[in-house]
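Presented below is the structure to which this report refers.
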Amino acid sequence: MNQHQLAGFAPAPVAARMENHGHHMLKVAMQTGNDLFARVGSMVAYEGFVQYEPNPPAVRQIARDWITGEGAPLMKCSGDGLLYLADYGADVVVINLAGDSLSVNGTNLLAFDASLQWGVERVKGLAKFAGQGLWNIKVSGQGWVALTSRGTPIVVECGRGEDETYVDPDALIAWSPNLKVKGKRSFKAGSLIGRGSGEAYQMGFSGEGIVVVQPSEDSTDRLRIRS
């Protein structure tokens, strides 16, 4: 086999803690003392010495009620080397938080620095629309976060004023927690061709911040927890 034919797929030199390798893979530069939380099952390869601890105590304490009550599907990664993560070919979006905060749909959270502050919180004001209510993961501080998207996402910047941005919650990935959120009843287009029951709702955002949306409306991607 001519190895030169595969040279273009080799990883680039490390330039940051987290980087994309192509659109669908995350490369993490691991260092002792700089641990990582990552979605269980997301590791596809690693170089060096990297250890894994599924559902560590810190995760069980913060997110013991996440999803089914069995704990959040996260593992703690530690060690030295290069770690490669992916989620069934989904696009990977890398964000460097510089004292900022981000509210993320739990199923779109691929990895984040363990040094970040994080927790599971209910999205206020939506219980009467969503039935069970919605729960997101809020991460904040100084560090890196990697999200997944079912297709190339769009980042909508919400400006000041009276204008609002409305999003189908099944397509929502993340948003700035300082944005005001409200629900609005609507009808999905799918219901007009026999694919749905009809009534649905949208999430309205106002204020100054960003909303990240994926080109997918798979309702299984939305994290819901019974109260």
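Every heavy atom of this structure was used, including side-chain atoms; hydrogens, water molecules and symmetry mates were not.
Between W144 and F112, the gap from one ring centroid to the other reaches at least 6.0 Å.
In this structure, Y88 stands alone, with no Ile, Leu, Val, Met, Phe, Trp or Tyr side-chain heavy atom under 4.5 Å from its own, directly or through other members.
A salt bridge links D87 and R150; the closest N-O separation between the charged side-chain nitrogens and carboxylate oxygens is under 4.0 Å. Salt bridge status for K182 with E164: present, with a side-chain N to carboxylate O gap under 4.0 Å.
In this view, K138 and S101, E121, P177 satisfy the side chain to side chain contact (heavy atoms under 4.5 Å, CB included) rule, not counting sequence neighbours. Taking the side-chain hydrogen bond (donor to acceptor under 3.5 Å, both in side chains) definition, one finds that S103 meets it with N136, sequence neighbours left out. For N178, the side chain to side chain contact (heavy atoms under 4.5 Å, CB included) partners two or more places apart in sequence, or in a different chain, are S176.
At least one side-chain heavy atom of V139 sits under 4.5 Å from a side-chain heavy atom of L97. Inter-residue side-chain proximity for L110 and S42 is flagged as met; some heavy-atom pair is nearer than 4.5 Å. Looking at heavy atoms from C-beta onward, L85 lies out of side-chain contact with V44 at the 4.5 angstrom threshold.
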Could you pull out every donor-acceptor pair under 3.5 Å between side chains of residues 73-84 and any protein atom, sequence neighbours left out?
{"unit_1": "D80", "atom_1": "OD1", "unit_2": "T32", "atom_2": "N", "d": "3.2"}
{"unit_1": "D80", "atom_1": "OD2", "unit_2": "T32", "atom_2": "OG1", "d": "2.3"}

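Residue pairs satisfying the salt bridge (charged side-chain N to carboxylate O under 4.0 Å, His left out) criterion with at least one member in residues 13-25, sequence neighbours excluded, are listed as follows: R17-D113, E19-K27.
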